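For reference, the structure is listed below as C-alpha cells.
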Amino acid sequence: MQTENWDLYKKLLKDYSMEYSYDGISGERLASRLHALSEIGLTESGGSRRLGFSKEERQAKDLVISWMKKADLAVSEDSAGNVFGRLEGRDPDLPALLSGSHVDSVPEGGHFDGPLGVLSALEVAEAWKEMGYQPKRSYEVVIFTDEEGARFNNGLTGSRAMTGEIDPSIQSGLTDQEGREFAEVLADTGLTEEGFYKAERNLSEVAAFVEVHIEQGVRLEQENLPVGIVSGIAGPSWLEVVFTGSAGHAGNTPMGERRDALVAAGEFVRNVPDIPVSVSGTAVATVGKLKVFPNGANVIPGRVEMVVDIRDIEEETRDEVVRRIMKAAENAAALYNVECTQQQTLKVKPVPIAENLKYLLREALESRRLRPVEMPSGAGHDAMIVGHYLPAAMLFVRSKDGISHNPAEWTSLNDGVQGVHVLKKYIESMDQ
C-alpha cells in the first residue's frame, strides 16, 4: 500500500460527520472504495492513470464488479466493455432505472471524476440491501467504458456504443499514442471489433438515467452548497477558422501594404468573448488552438489556423452564437484585406434536462434541507449521450476550487455522501 494514497482514505474520514450515515448509506464504505480505486493506476504525483481500454481500467472495473456481487447485483457486460450490475425489481417487466458513470481517467487525473458517480450509484443499492428494500423497477449500476477518450482522442465510447452512436468507419481508423489500432487495443482487453459494433442496447428496456459527477467548477463552492442540479449539458460545436493573407518581410513591407493574417485573427479572437454573452447567459466560446504560418520572428504571418469551441445547453442559442462568430470572422478578414474560410468540424446536440426531472431533483434536495441551485454543465458526460435517447438527469457534487483532471481534484466525503442521499431520494421518486 502506498503511504501517500492511504492518506486519501484518512483525509476523507478526517472531517466526516457520521450523522450522514443513515438509511443504509455508509460514508466509511464510500471512502474505502474511493481509496481502493485510487490505488489502481496511481501515479508518482498522487494522481490517476487509467486510460480507456487499459489493464488499469479493466482492473478497476473488476474491483467494482466484486462489490456489485457482494451487494447481490446480477452482473453483465456488453461487447463494448460496459458493465451493468442489476437489482431485479418487484416488476421486472418495467423498464429499468440506470445510474453510474466511468472509472477511466485522463493520463494524470484525479480520484473523483467518474468513480464518485459509479460508487454513489452502487451505494444506493447497498443502502437498499441493508434496509431490505426492493424497488418496483429494476435498478442497474453502470460503468461506461472509456468516457474520457484520452487514449484515442474521441471519448464517451461506451455510452455511444450502448446507444448506437458509434460510426465504425471512424472508430476503426483510430490509433492511440503508440500507433496501435483500435482493433488491436480491443483484443488486449478481451473484446473484438466485430462484437464492439454490436453493443447497441434495446433502449426500450431503460426508463431513465441519472449521473452523479463532481462539478468541475466553483458555483457550488461559491453558493456553499454540497450538491446542485444540472440544468442542461452543453453540446459543443467546433468551428475551424483559417485566415489567409500574404507572408512578407517584416522590415521591408510598409504597414499600409500588408495583408497580415495574424492581425485579422487577433481582431477576431478579441471579439469572440463578447459574442456568447450577447446571445445567452449559459453560452461560452473559446479559441484554444491556434497555429501561425510561417511562424518566423521576422516574417509577416501569411496564414493562421484556429479552432473555436462553442457551447450552450440550448441548441438554438448555441447555433446563433456559431452564426455570429462566423460573421465576426468575415468582418475581421474584410477589415484587414485577408481571406477567411470556415468549417464546422464537430456539432453535438445539447441536452437540456427536462423540467419534470429537475422538479424531482429539487424535491430530493429539499428533503435534505438543501437549497436547490441549477447550473449548466459545460463539459460532456455519458449523460449527454444517453440523454439524446432517454430521459437523463445529472447531479453535481461540490469540487474544491473547481479543480479537475488533476491530482489535486478533491470532493469531501460529507459532500459525496450528501450526493448519495439526494440520488437515492431521486431514484425512489422515479420508481413509479
Side-chain angles (χ1 to χ4, degrees), residues 64 68 73 76-78 80-87 89 92 94-103 113-125 128 135-147 155-166 199-214 227-235 313 348-361 364 376-377 379-397 419-420 422-432:
V64 178
M68 287 177 170
L73 303 184
S76 62
E77 185 168 343
D78 68 19
N82 297 315
V83 175
F84 303 89
R86 182 179 176 95
L87 172 63
L94 289 174
L97 297 170
L98 268 63
S99 183
S101 194
H102 61 97
V103 294
D113 179 349
L116 182 63
V118 170
L119 297 179
S120 295
L122 180 55
E123 191 59 31
V124 170
W128 285 342
K136 180 179 180 180
R137 293 179 181 270
S138 296
Y139 172 67
E140 296 184 20
V141 179
V142 58
I143 310 171
F144 285 116
T145 292
D146 186 39
E147 189 266 3
L156 302 165
T157 310
S159 52
R160 288 191 296 123
M162 187 190 80
T163 56
E165 279 200 14
I166 294 285
E200 182 175 359
R201 182 168 181 174
N202 179 2
L203 296 179
S204 66
E205 301 172 351
V206 182
F209 174 70
V210 57
E211 182 173 5
V212 171
H213 205 279
I214 61 171
V227 186
I229 299 168
V230 175
S231 57
I233 307 169
I313 61 174
V348 178
K349 189 177 179 66
V351 177
I353 305 302
E355 286 299 325
N356 64 314
L357 301 184
K358 289 192 291 184
Y359 174 80
L360 295 177
L361 290 171
S377 172
H381 301 282
D382 289 311
M384 177 180 70
I385 299 300
V386 178
H388 292 158
Y389 306 91
L390 295 167
M394 281 195 76
L395 288 165
F396 273 163
V397 179
V420 177
V422 174
L423 175 66
K424 178 173 175 287
K425 180 68 175 178
Y426 171 75
I427 292 172
E428 288 172 352
S429 68
M430 289 284 289
D431 185 32
Q432 305 297 326

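What's counted below: heavy atoms across the whole structure, side chains too, no hydrogens, waters or symmetry copies. From a predicted model like this one, the values you see are computed outputs, not experimental measurements.
The two residues Ala96 and Glu140 make their nearest non-hydrogen contact at CB-OE2, 4.0 Å. Contact detail for Ala80 and Thr145: the closest heavy-atom pair is O-OG1, 3.1 Å. Shortest non-hydrogen contact noted between Leu97 and Ala207 is CD2-CB, 4.0 Å. Nearest approach of Ser231 to Ile313, heavy atoms of both residues: OG-CD1, 3.8 Å. Residues Pro92 and Ser138 approach most closely at CA-OG, 4.0 Å, considering heavy atoms.
Side-chain atoms of His102 and Asp146 form no donor-acceptor pair, as typed in the model, at a separation below 3.5 Å.
Looking at Glu123, its side chain never comes within 3.5 Å of a backbone N or O of Val420 through a donor-acceptor pair. Under a 3.5 Å cut-off, the side chain of Ser377 and the backbone N or O of Val230 do not form any donor-acceptor pair. With hydrogens and angles disregarded, a donor-acceptor distance shorter than 3.5 Å links the side chain of Ser99 to the backbone of Val210.
Within the model, atoms CE of Met384 and OG of Ser159 stand 8.0 Å from one another, a figure rounded to the nearest 0.5 Å. A distance of 4.5 Å separates CD1 of Ile385 from CD of Glu165, quoted to the nearest 0.5 Å. The distance from atom CG of Leu98 to atom CG of Asp382, rounded to the nearest 0.5 Å, is 11.5 Å. Distance CG/Leu87 to CG/Leu73: 6.0 Å, rounded to 0.5 Å. The distance from atom OG1 of Thr163 to atom OH of Tyr389, rounded to the nearest 0.5 Å, is 4.5 Å. To the nearest 0.5 angstrom, Gln432 atom CD is 8.5 Å from Arg137 atom CZ.
Tyr139 meets the ring pair (Phe, Tyr, Trp, His ring centres under 6.0 Å) test with Trp128; sequence neighbours excluded. Taking the side chain to side chain contact (heavy atoms under 4.5 Å, CB included) definition, one finds that Val142 meets it with Phe84, Phe144, Phe209, sequence neighbours left out.
The side-chain heavy atoms of Val386 and Met162, taken from C-beta on, include a pair separated by under 4.5 Å. The shortest distance between side-chain heavy atoms of Val83 and Val64 does not fall below 4.5 Å. In this structure the side chain of Tyr426 reaches within 4.5 angstrom of the side chain of Met430, judged on heavy atoms. With a 4.5 Å cut-off on side-chain heavy atoms, Arg201 and Val206 count as touching. By the 4.5 Å heavy-atom criterion applied to side chains, Leu156 and Glu147 are counted as neighbours. Here the side chains of Leu423 and Ile427 are in contact, with some heavy-atom distance below 4.5 Å. Inter-residue side-chain proximity for Ser101 and Val118 is flagged as met; some heavy-atom pair is nearer than 4.5 Å. Side-chain contact between His388 and Arg160 is absent, with no heavy atoms from C-beta onward closer than 4.5 Å.
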May I have the step-by-step check of side-chain contact (heavy atoms from CB on, under 4.5 Å) for Leu361 and Met394, ending in yes or no? CA-CA 9 Å; Leu361 290 171; Met394 281 195 76; over 6 Å; no
Give the C-alpha distance, both sets of side-chain angles, the deciding distance and a yes or no for salt bridge (charged side-chain N to carboxylate O under 4.0 Å, His left out) between Lys425 and Glu428. CA-CA 5 Å; Lys425 180 68 175 178; Glu428 288 172 352; 5.6 Å; no
For Val422 and Val212, run side-chain contact (heavy atoms from CB on, under 4.5 Å): C-alpha distance rounded to whole Å, both residues' side-chain angles, the deciding distance at 0.1 Å, then the answer. CA-CA 10 Å; Val422 174; Val212 171; over 6 Å; no
For Asp113 and His213, what are the C-alpha separation, side-chain angles and deciding distance, and is it a side-chain contact (heavy atoms from CB on, under 4.5 Å)? CA-CA 7 Å; Asp113 179 349; His213 205 279; 2.8 Å; yes
Would Met68 and Ile143 count as a side-chain contact (heavy atoms from CB on, under 4.5 Å) here? Give the steps. CA-CA 11 Å; Met68 287 177 170; Ile143 310 171; 4.1 Å; yes
